[in-house]
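Okay, structure first, notes after.
What you see below is based on every heavy atom in this structure, not just the backbone, and it leaves out hydrogens, waters and symmetry mates. Remember, it's 1-based here, ligands and their atoms both numbered in the order they're listed.
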Amino acid sequence: MKICVLGSAAGGGYPQWNCNHPNSKRPRAGDPAAPQRTQSSLAVSADGNEWVLFNASPDLRQQIFDNSILHPRDEKGLRDSPIQAVVLTNADVDHVAGLLNLRESQPFTIYATHRVLDVLNANSIFNVLNPKFVARQAMELGTELALTRPDGSSLGFSVIPFAVPGKVALWLEDESKGDNFGSVDEDTIALEVKDDSGSTQFYYMPACAKMTEELAARIKGAPLIFFDGTLWVDDEMIRDGVGVKTGQRMGHMSVSGDDGTLAALADLDITRKVFIHINTTNPILASDSLERKQVEEAGWEVSYDGMEIEL
Ligand code: MLT
Ligand code: MN
């Protein structure tokens, strides 16, 4: 299988448009140690010819332009795309707004939970994806699903969607529903990806609020994981004066600290651990930071736009 990281940054990208945090200034200044990044998304393929997007970021138009694997193929005529399907892990702006780039009459399939499909169905702007060509297929939590081309033929791999601790999308929060804003299991999912022989290839988990025992047992021994790298410390946006929310409030566990990701995944025998969905304030974005050194010493990689992995 092949994976291409289309975007490695969290919501808003790196740098966020209105952010003057010292970290955010570096890509604007052209600092080679801190290049700009688009919003998180993967392209995944069994054969390197046809691709499935894991989430559709608002930067998708640019991501398609930047990655020739996603360009229309000459031999396929005047309208074509190697993108056969999009799998959504939540309804966050940074994961669904990119669907609007995939207008209008190009056949592909959107896979998402019932909950996330309900959100798309309730927002008629998504009908720019002509329903005659773009199918919406529900994924059941815990049930392996073979991904297919629009004609029903196999794309050569499958996903098992499962709930992870998290939160309803920011723009769907309902304060009348108490501390969890009406979040349900289907709001935030992760994906286990299996090849056609049934062997687990990797996990994709761009949002995770907490490492539970159940989740740790599930990912133990995995060959590869892409994991939520949103914040370095829970209160970094408040501490640095650029925001009012903690990571926990946004549904993200932090990289550092006793309850952090480095500690939680240290003893799970995962061969390759890669951070994705990294916020504009997180110091691991810069290749010359002490925090980057720390994550690398702990055996982690920081994904970057255009990163390719072949399994
Ligand atoms: C998140 O990952 O917490 C969201 O993308 C935040 C947002 O929508 O800004
Ligand atoms: Mn996000």
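Between D269 and K220 there is a salt bridge, since at least one side-chain N of the basic residue sits less than 4.0 Å from a carboxylate O of the acidic one. Taking 4.0 Å as the cut-off between side-chain N and carboxylate O, E296 and R292 count as a salt-bridged pair.
Annotation: cation-pi geometry not satisfied between R37 and Y304 (NZ/CZ under 6.0 angstrom from ring centroid, within 45° of ring axis).
The residue V93 has no part lying near ligand 1, judged by heavy-atom distances below 4.0 Å.
Near D92, the atoms of ligand 1 lying under 4.0 angstrom from a non-hydrogen atom of the residue are 1 (C), 2 (O), 4 (C), 5 (O).
F226 and F202 have perpendicular rings, their planes meeting at more than 60° on a 0 to 90° scale where under 30° would count as parallel. Ring geometry, W300 versus F227: the interplanar angle exceeds 60°, so the pair is classed perpendicular (tilted spans 30 to 60°).
Across the listed options K245, H277, H252, H252 owns the non-hydrogen atom lying nearest to atom 3 (O) of ligand 1.
Minimum-distance N/O/S atom of D94 relative to the Mn ion (ligand 2): OD2.
The distance from the Mn ion (ligand 2) to the nearest N/O/S atom of H95 is not under 2.8 Å.
Side-chain contact annotation: T281 with H21, donor-acceptor N/O pair under 3.5 Å absent.
Looking at atom 7 (C) of ligand 1, its nearest protein heavy atom turns out to be L170 CD2, 3.8 Å.
At a 4.0 Å cut-off, at least one heavy atom of D94 sits close enough to ligand 1 to count as contact.
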